[in-house]
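Here is the structure we will look at, set down as structure tokens.
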Protein chains: 2
Amino acid sequence: MAEAERTRTRIVRAAVDEASRLGLEGLTVGSLARRLGMSKAGLVGPFGSREQLLEAALEHSGKIFWSAVIEPLADLPPGRSRLERLIAAWVDYLADCPFPGGCFVTAASSELDGRPGPLRDRLRSTVTSSRERLAAEVAAAQAELPGPHRPPEEVVTTLIGLSMAANQEIQLLEDPSAPTRAREAMRHAAGLDR
Amino acid sequence: MAEAERTRTRIVRAAVDEASRLGLEGLTVGSLARRLGMSKAGLVGPFGSREQLLEAALEHSGKIFWSAVIEPLADLPPGRSRLERLIAAWVDYLADCPFPGGCFVTAASSELDGRPGPLRDRLRSTVTSSRERLAAEVAAAQAELPGPHRPPEEVVTTLIGLSMAANQEIQLLEDPSAPTRAREAMRHAAGLDR
DNA sequence: GAAGATAGCGAACGGTCGTACGTTATCTGA
DNA sequence: TCAGATAACGTACGACCGTTCGCTATCTTC
């Protein structure tokens with residue numbers, strides 16, 4: 001009975017891969033089934049509908065980001081050095097991206113931001129909780145650093161923006177200097193280079 | 001004979017509007033024709049194909065951005081106050097966006113970054129020339145400001161990133177404090193608040 | 001007022017979309 | 001050994017996709 005679960009994750013993984021290239025909208029049941037060598041019915045079956053498959057893919061992509069950027073911090077106490085590592089991991093994630101079409105969360109955000117529905121709601125909560133977590137990391141680091149400081153919320157916006165800009169430079173412009181520039185800009189924005 | 005031209009721009013305008021909500025991929029000939037009260041053939045005819053219609057829409061959206069953010073600077077000499085005005089206009093553009101689904105260029109960038117083709121090429125050149133223009137503005141402003149300065153390229157990346165993050169906060173998160181935060185972060189990143 | 005260009009329509013095409021439904025192998029437990 | 005559950009299949013469906021092609025109004029211009 002665990003067979004179904006393995007199939008499910010196999011499908012979700014392929015869906016994330018495909019949707020990262022073509023967008024959530026661009027992912028079709030037929031092409032994904034063909035790619036996995038199964039029937040359309042067998043592909044959608046475990047999820048109920050294409051929409052729910054997309055939800056599962058979105059959730060999985062969030063976990064990929066989380067395990068690449070957030071989880072490696074677990075053995076460090078909050079503070080300056082943990083924010084240092086977070087930024088390093090984040091840039092590495094962008095430079096050597098687990099998604100073939102660039103950061104999935106960023107792409108999904110652009111695609112879904114004007115389309116109300118469960119997908120958008122799910123994404124919004126992912127983004128909101130990431131922002132909160134990031135704000136806490138920034139505040140903890142600032143407490144260890146000499147002031148004055150920018151408001152943590154502003155630093156969060158700047159860091160997220162830099163990740164988006166770096167993603168564009170890497171994916172669209174194919175600029176090899178993007179990761180280094182992003183790292184330095186992030187460290188500066190976080191007050192880590194003083 | 002100018003009738004055709006007026007129809008063309010009418011179609012392009014509607015296409016930009018629709019694609020800003022649904023994405024370039026999500027724009028279909030049928031729905032756009034229905035919305036404009038014309039036939040599918042009559043809609044695509046002036047462009048040759050849907051793809052070429054999308055190209056025209058992409059070009060038009062670039063012009064909208066340009067006329068909202070860059071053209072108002074024409075009567076100012078390069079330098080600090082011109083960068084001030086650029087940032088103000090940019091945030092206004094994001095906060096009160098001419099596209100119903102948020103900044104079109106940002107959305108198109110996410111959507112096209114992994115899909116080679118003429119659309120991607122066109123977008124890439126739009127982004128590249130905007131970056132160059134922006135770098136020149138930053139350099140001119142820095143020349144009027146007390147040092148030390150971050151590299152102009154890094155400032156450009158930060159400003160573009162902040163526009164993307166603000167766009168997300170406005171469109172996806174619907175955060176009313178986003179424009180103010182973006183304005184302050186941009187002014188800080190550009191060294192204008194010292 | 002006839003001839004020709006222009007601009008858009010309407011119908012049809014082959015193809016693909018997502019979904020529904022009944023069927024069939026394959027495993028599981030009594 | 002055999003009944004039942006499981007997991008995926010194949011087929012069919014109606015809807016919509018983008019494109020093609022011939023037609024028809026509506027204007028110009030002689």
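Just the heavy atoms: all of them, side chains too, but no hydrogens, waters or symmetry mates, feed the values below. Keep in mind the model is a prediction, meaning the values are calculated, not measured. Residue numbering restarts at 1 for every chain, and letters A, B, ... go by the order of the sequence lines.
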Integer-rounded Å distance: D:dT6 C1' and A:R8 CZ = 16 Å
Would you classify B:L27 as touching base, sugar-phosphate or nothing, given that sugar-phosphate means primed atoms plus P, OP1 and OP2, and contacts are heavy atoms under 4.0 Å?
-> sugar-phosphate
Among C:dG18, D:dC17, D:dG18, which is the nearest nucleotide to the side chain of B:R34?
-> D:dC17
Nearest-Å distance, CZ (A:R10) to P (D:dA7)?
-> 14 Å
Is B:D17 salt-bridged to B:R21, cutoff N-O under 4.0 Å?
-> yes
Is the shortest side-chain N to carboxylate O distance from A:R131 to A:E153 below 4.0 Å?
-> yes
In plain terms, say whether B:R124 and B:D113 are close enough for a salt bridge, that is, a side-chain N and a carboxylate O under 4.0 Å apart.
-> no
To the nearest angstrom, how far is B:E25 atom CD from D:dC17 atom P?
-> 13 Å
Could you state the CD1-P distance from A:I11 to D:dA7, rounded to the nearest angstrom?
-> 12 Å
Using a cut-off of less than 4.0 Å, is there contact between a side-chain N or O of A:T7 and OP1 or OP2 of D:dA8?
-> yes
With a non-hydrogen cut-off below 4.0 angstrom, is A:G37 in contact with a base, only sugar-phosphate, or nothing?
-> sugar-phosphate
Roughly how many Å is it from CD in B:E5 to P in C:dA7, rounded to a whole number?
-> 10 Å
Specify the separation, in whole Å, of atom CG of A:L24 and atom C1' of C:dG18.
-> 16 Å
Fit a plane to each ring of B:F99 and B:F104, take the angle between them on a 0 to 90° scale, and name the class: parallel (under 30°), tilted (30 to 60°) or perpendicular (over 60°).
-> tilted
Measure the distance from CZ on A:F47 to P on D:dA8 and round it to the nearest whole Å.
-> 10 Å
When you measure from every atom of DNA chain D, which of residues 38-45 of chain B have a heavy atom less than 4.0 Å away?
-> B:K40, B:A41
Salt-bridge present (B:D92, B:R85; N to O < 4.0 Å) = no
May I ask you to say whether B:E174 pairs ionically with A:R120, meaning some side-chain N is under 4.0 Å from a carboxylate O?
-> yes
Stepwise side chain to side chain donor-acceptor pair (under 3.5 Å) check, A:E84 with A:S81 | CA-CA 5 Å; A:E84 300 240 24; A:S81 64; over 6 Å; no
Is any side-chain nitrogen or oxygen of A:S31 closer than 4.0 Å to OP1 or OP2 of C:dT16?
-> no
Interatomic distance where CD belongs to B:Q52 and P belongs to D:dT19 [whole Å] | 9 Å
